[in-house]
Asks: 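Sharing a structure, written as structure tokens. Questions coming.
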Amino acid sequence: MLTKTKIYLSSPHMGGSEQSFVNEAFETNWVAPLGPNVDGFEAAIQTYLGENKQVAVLSSGTAAIHLALQLLGVGVGDEVLCQSFTFSASANPIRYQGATPVFIDSELDTWNMSPELLEEAIKHRIAHYKKPKAIVAVHLYGMPYKANAINAIAKKYSIPVVEDSAEALGSRYFGKPCGTLSDMGILSFNGNKIITTSGGGALICDSVALKNKAVFLATQARDQAAHYEHSHIGFNYRMSNVLAGIGRGQMEVLDARVAARRQNFEFYKKHLSKYHSISFLEEPEGFYANRWITCISTASYDMREQLRLALLEDDIESRPLWKPMHMQPVFTDCMYFTNGTSEALFEKGLCLPSGSNLNQDDLDRILNIILKTLNS
Ligand SMILES: *Cc1c(COP(=O)(O)O)cnc(C)c1O
């Protein structure tokens with residue numbers, strides 16, 4: 001009997017040398033949250049990103065956002081402007097700091113933070129004597145946000161920007177890598193991301209001093225002393241040297257992973273764009289998306305569900321687009337500035353299987369189900 005295997009939305013894809021870096025950690029007994037793989041992984045990311053950035057690898061992307069907010073001085077009672085159309089991990093760390101998120105809707109041409117709504121929100125909050133302390137902007141699904149416009153507004157009002165690049169390693173904006181475009185960037189190496197360390201993240205910043213401060217806070221904030229002396233509240237957020245070994249191996253294949261994901265996008269687009277009920281997010285001039293996930297927008301909620309359930313029937317994973325944060329029960333008490341974009345995308349949008357390890361048979365199997373559903 002022919003048994004079909006499950007097709008995942010986005011699954012880990014090892015390159016080959018991860019295991020030897022991990023073995024090296026065992027052989028040299030660097031089974032600790034420091035060591036040659038941690039240093040080597042940071043160096044590889046720094047070289048990849050360039051732009052004179054400093055990188056600290058951490059236990060998760062969420063931890064990186066939390067540290068960024070901590071370093072920017074976000075505290076109890078502060079307000080932080082955050083993209084509404086995102087994964088909850090962009091917003092949760094705002095709450096960890098005792099601050100309040102204020103959600104900003106997206107624009108249609110990038111699905112990311114609307115510069116117009118951002119400025120409207122800033123003006124509104126300043127008029128109410130609540131100048132926002134920071135902005136969390138997101139390159140969702142690997143599509144860059146309009147960094148020039150967002151940064152210009154942020155600069156005009158002197159508000160720092162945290163660049164959530166968790167889904168956008170390998171994406172570029174007018175040639176510059178995502179993660180290096182605003183004041184502080186973050187990456188994620190969770191199992192579903194474009195490269196993975198099973199779980200992990202990174203903070204990207206402008207100076208060695210800031211990186212050292214991040215590492216200090218991420219390693220329990222131990223002051224200089226023979227005993228344990230503490231003048232700050234610390235976190236246990238550093239990346240394991242074992243997992244950093246996976247990261248070193250993954251950096252060797254990052255460009256190939258981006259190319260494969262972009263090919264998935266081209267495949268879906270080639271076969272589906274003739275259907276007027278299906279639309280794709282195109283790259284604006286100067287934007288280069290890693291196409292972490294290929295997303296489609298359909299004609300209606302019913303059509304989206306038909307597609308999703310037909311795929312599920314064949315053991316193929318797909319998923320509605322992110323549910324906006326301003327619609328989430330946990331954030332119902334938060335203020336938001338909306339224009340209908342993210343709500344419509346959530347209603348009609350679908351994430352298609354997008355792993356770099358999908359083969360042609362997988363892609364054909366997915367496409368056949370979609371075509372059968374569209375033509376029925
Ligand atoms: C994955 C993700 C995060 C969190 O990263 P983790 O490493 O899973 O903690 C944050 N923001 C966005 C947009 C993400 O997709």
Side-chain angles (χ1 to χ4, degrees), residues 8-12 41 45 55-70 80-97 101 103-106 110-113 134-145 147 150 161-171 178-179 181-182 184-204 214 218 235-240 243-244 246-247 250 261 281 289-295 319-326 328 330-331 342 345-346 349 351 354-355:
Y8 292 94
L9 203 59
S10 175
S11 70
F41 188 27
I45 301 169
V55 172
V57 291
L58 302 166
S59 54
S60 71
T62 311
I65 297 172
H66 191 193
L67 279 184
L69 296 175
Q70 175 83 14
V80 174
L81 304 173
C82 181
Q83 187 163 320
S84 186
F85 194 40
T86 186
F87 175 49
S88 63
S90 304
N92 284 337
I94 298 167
R95 287 280 212 222
Y96 302 166
Q97 288 300 88
F103 293 111
I104 313 291
D105 212 334
S106 292
T110 63
W111 294 3
N112 290 317
M113 187 179 274
I135 297 164
V136 179
V138 188
H139 305 298
L140 209 66
Y141 301 115
M143 180 62 74
Y145 60 75
I150 299 287
V161 178
V162 176
E163 179 185 358
D164 183 341
S165 206
E167 303 178 359
L169 180 57
S171 297
C178 285
L181 303 174
S182 297
M184 255 187 254
I186 74 97
L187 299 173
S188 168
F189 310 112
N190 196 20
N192 58 347
K193 297 302 193 318
I194 191 145
I195 61 167
T196 183
T197 58
S198 75
L203 182 73
I204 303 160
F235 305 90
N236 186 1
Y237 277 174
R238 198 64 163 135
M239 178 178 279
S240 157
L243 301 185
I246 305 176
Q250 288 272 277
R261 298 226 181 209
L281 179 61
N290 67 6
R291 298 296 186 185
W292 171 56
I293 299 281
T294 293
C295 304
R319 192 170 297 154
L321 302 187
W322 297 121
K323 180 172 181 175
M325 291 306 113
H326 72 271
Q328 295 286 358
V330 72
F331 293 124
S342 62
L345 286 167
F346 172 58
C351 299
S354 300

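Counting starts at 1 for both ligands and their atoms, following the listed order.
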Asks: First locate atom CG of D164, then atom SG of C178, and finally report the distance between them rounded to the nearest 0.5 Å.
Replies: 11.0 Å

Asks: Please confirm whether G201 comes under 4.0 Å of ligand 1, counting heavy atoms of the residue only.
Replies: no

Asks: Look at atom 15 (O) of ligand 1 and say which protein heavy atom is nearest, naming residue and atom and giving the distance to 0.1 Å.
Replies: E167 OE2, 2.5 Å

Asks: For ligand 1, is G199 a contact, meaning one of its heavy atoms is under 4.0 Å away?
Replies: no

Asks: With sequence neighbours excluded, what pairs up with S10 under the side chain to side chain contact (heavy atoms under 4.5 Å, CB included) test?
Replies: N192, R261, W292, I293

Asks: Do me a favour and list the nearest non-hydrogen protein atom to atom 1 (C) of ligand 1 with residue, atom name and distance?
Replies: K193 NZ, 1.7 Å

Asks: What is the nearest protein non-hydrogen atom to atom 9 (O) of ligand 1, stated with its residue, atom name and distance?
Replies: T62 OG1, 2.5 Å

Asks: Please list, in number order, the atoms of ligand 1 under 4.0 Å from a heavy atom of F87.
Replies: 2 (C), 3 (C), 14 (C)

Asks: Side chain or backbone of S60 under 4.0 Å from ligand 1, or both, or neither, by non-hydrogen atoms?
Replies: both

Asks: Using a 4.0 Å heavy-atom cut-off, say whether V138 meets ligand 1 through its side chain, its backbone, both or neither.
Replies: side chain

Asks: Roughly how far apart are L281 CG and M143 CE, rounded to 0.5 Å?
Replies: 4.0 Å

Asks: Would you check if the side chain of T196 reaches a backbone N or O of N190 as a donor-acceptor pair within less than 3.5 Å?
Replies: yes

Asks: Provide, to 0.1 Å, the distance between atom 11 (N) of ligand 1 and the closest protein heavy atom, together with that atom's residue and name.
Replies: D164 OD2, 2.7 Å

